[in-house]
Amino acid sequence: MIGRPTDSEAASYYFTYIDQVAGDDVLAIIERQLDESNDLFAGISEQSSKYRYAPDKWSIKQLLNHVTDTERAFAFRALWFARGFDAPLPGYDQNIAASGAVADNVLWTAHVEEFQRVRLSTISLFRNLPPEAWARTGIASGNSFTVRAMAFIIAGHLSHHIAILRDKYQK
């Protein structure tokens, strides 16, 4: 559909996420991830969602809240760039966001529903972009990005955290 981002479309750090996405059709991947993650999240109970694999690590609730908040932030960046705004966007500090969320006080089912709604919004945003918007650029956190790179980062960020969830949290 839109192809993969090149090295110039995001800071090298973000290829940690971009490289986790197979193929070129990022919209199809983002859509497929919704069903796959729903299946995984359905197998997690309220009690097990409080689990931390180490005392200084996030609970499963906090992990999903982080994924949802980060997707919101990166989808907003994609919207900002796609619509042609040229003002740079500030950084996003995941630790400030996590601290402010108090995610362990929210029911697991509410976290899952919130993720689903945010992901559906992300899908709508990318599905309805005009073709030329995918190549538009902007600055966030002092780095240049394309809209296309933002879509791949969103998909890869979820893949990254699903892999951690499966590896570290599931017994």
Side-chain angles (χ1 to χ4, degrees), residues 1-6 9-11 14-44 49 60-94 97-98 100-101 103 106-141 143-165:
M1 178 174 123
I2 61 163
R4 297 189 62 78
T6 64
E9 293 182 51
Y14 292 96
F15 281 84
T16 302
Y17 303 120
I18 293 168
D19 290 344
Q20 292 202 30
V21 179
D24 293 342
D25 191 350
V26 70
L27 182 55
I29 292 162
I30 288 172
E31 290 172 341
R32 187 172 55 248
Q33 284 179 327
L34 180 58
D35 292 332
E36 292 169 356
S37 60
N38 283 340
D39 292 343
L40 176 63
F41 300 153
I44 299 171
S49 71
I60 295 173
K61 285 183 178 187
Q62 289 172 311
L63 181 139
L64 182 55
N65 183 82
H66 161 74
V67 168
T68 303
D69 279 358
T70 302
E71 182 154 331
R72 272 192 181 108
F74 279 75
F76 176 76
R77 288 174 172 183
L79 171 71
W80 188 260
F81 305 156
R83 298 297 192 252
F85 291 99
D86 59 4
L89 294 173
Y92 175 78
D93 187 320
Q94 67 183 15
V106 177
L107 291 173
W108 174 245
T109 54
H111 280 294
V112 173
E113 180 182 350
E114 184 177 9
F115 170 77
Q116 292 167 341
R117 291 174 187 263
V118 169
R119 178 49 64 106
L120 287 170
S121 175
T122 300
I123 290 167
S124 293
L125 170 66
F126 289 126
R127 187 181 288 157
N128 295 310
L129 285 179
E132 63 276 11
W134 289 92
R136 290 189 182 131
T137 62
I139 304 293
S141 301
N143 296 298
S144 180
F145 295 92
T146 62
V147 172
R148 173 170 65 179
M150 285 295 164
F152 274 82
I153 291 166
I154 288 169
H157 184 254
L158 177 60
S159 293
H160 168 77
H161 283 290
I162 293 295
I164 291 171
L165 181 60

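Q33 and S159 share a donor-acceptor pair across their side chains, judged by distance under 3.5 Å alone.
Residue I60 holds its CD1 atom at 12.5 Å from CD1 of I164, rounded to the nearest 0.5 Å. The line from CG of L158 to CG of L64 is 9.0 Å long, rounded to the nearest 0.5 Å. Within the model, atoms OH of Y17 and CG of D19 stand 12.0 Å from one another, a figure rounded to the nearest 0.5 Å. Considering CZ of R32 and CG of D25, their distance stands at 8.5 Å, rounded to 0.5 Å. With rounding to the nearest 0.5 angstrom, the OG1 atom of T146 is 8.0 Å from the CD1 atom of I153. With rounding to the nearest 0.5 angstrom, the OG1 atom of T68 is 11.0 Å from the NE2 atom of H161.
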message = Assess the residue pair V106 and K61 against the criterion (side-chain contact (heavy atoms from CB on, under 4.5 Å)); give the C-alpha distance rounded to whole Å, side-chain angles, the decisive distance to 0.1 Å, and a yes or no.
response = CA-CA 8 Å; V106 177; K61 285 183 178 187; 5.9 Å; no
message = As a quick check of understanding, evaluate side-chain contact (heavy atoms from CB on, under 4.5 Å) for F115 and L34, giving each step before the final call.
response = CA-CA 9 Å; F115 170 77; L34 180 58; 4.1 Å; yes
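Taking both residues in full, the closest heavy atoms of N65 and A101 are given as ND2-CB, 3.1 Å, listed atom of the first, atom of the second, then distance. Closest non-hydrogen pair, P5 versus F15, comes out as O-CE2, 4.1 Å. Between V147 and A78, the closest heavy-atom pair is CG2-O, 3.7 Å. Summarising the geometry of L27 relative to I123, their closest heavy-atom pair is CD1-O, 4.0 Å, with the distance given to 0.1 Å. Across all non-hydrogen atoms, the minimal contact from I30 to R119 is O-NH1, 3.0 Å. Nearest heavy-atom pair across L129 and A82 is CD2-CB, 3.6 Å.
Looking only at distances, a side-chain donor or acceptor of N128 sits under 3.5 Å from a matching main-chain atom of S124. Using modelled atom types, one side-chain atom of R4 and one backbone atom of I18 make a donor-acceptor pair closer than 3.5 Å. The backbone N or O of A103 lies less than 3.5 Å from a partner atom in the side chain of H111, making a donor-acceptor pair. Judged by distance alone, with hydrogens and angles left aside, the side-chain atoms of E9 form a donor-acceptor pair with the main-chain N or O of T6 at under 3.5 Å. A donor-acceptor pair is defined here as one N or O able to donate and one able to accept, closer than 3.5 Å; no such pair exists between the side chain of T70 and the backbone of V67.
Listed by chain and residue number, E113 satisfy the salt bridge (Lys or Arg N to Asp or Glu O under 4.0 Å) test with R117 (two or more places apart in sequence, or in another chain). Applying the side-chain hydrogen bond (donor to acceptor under 3.5 Å, both in side chains) rule to R136 yields no partners; only residues at least two apart in sequence or on another chain are considered.
For residues 73-92, the side-chain hydrogen bond (donor to acceptor under 3.5 Å, both in side chains) pairs, not counting sequence neighbours, are R77-S141.
Contact of the L165 side chain with the I44 side chain is registered, since non-hydrogen atoms from C-beta on lie closer than 4.5 Å. Inter-residue side-chain proximity for H157 and F74 is flagged as unmet; no heavy-atom pair is nearer than 4.5 Å. At least one side-chain heavy atom of Y14 sits less than 4.5 Å from a side-chain heavy atom of N143. With contacts defined as side-chain heavy-atom distances shorter than 4.5 Å, the pair F126/I2 does not qualify.
Ring pair W108/F41 is perpendicular by interplanar angle, where above 60° counts as perpendicular and below 30° as parallel.
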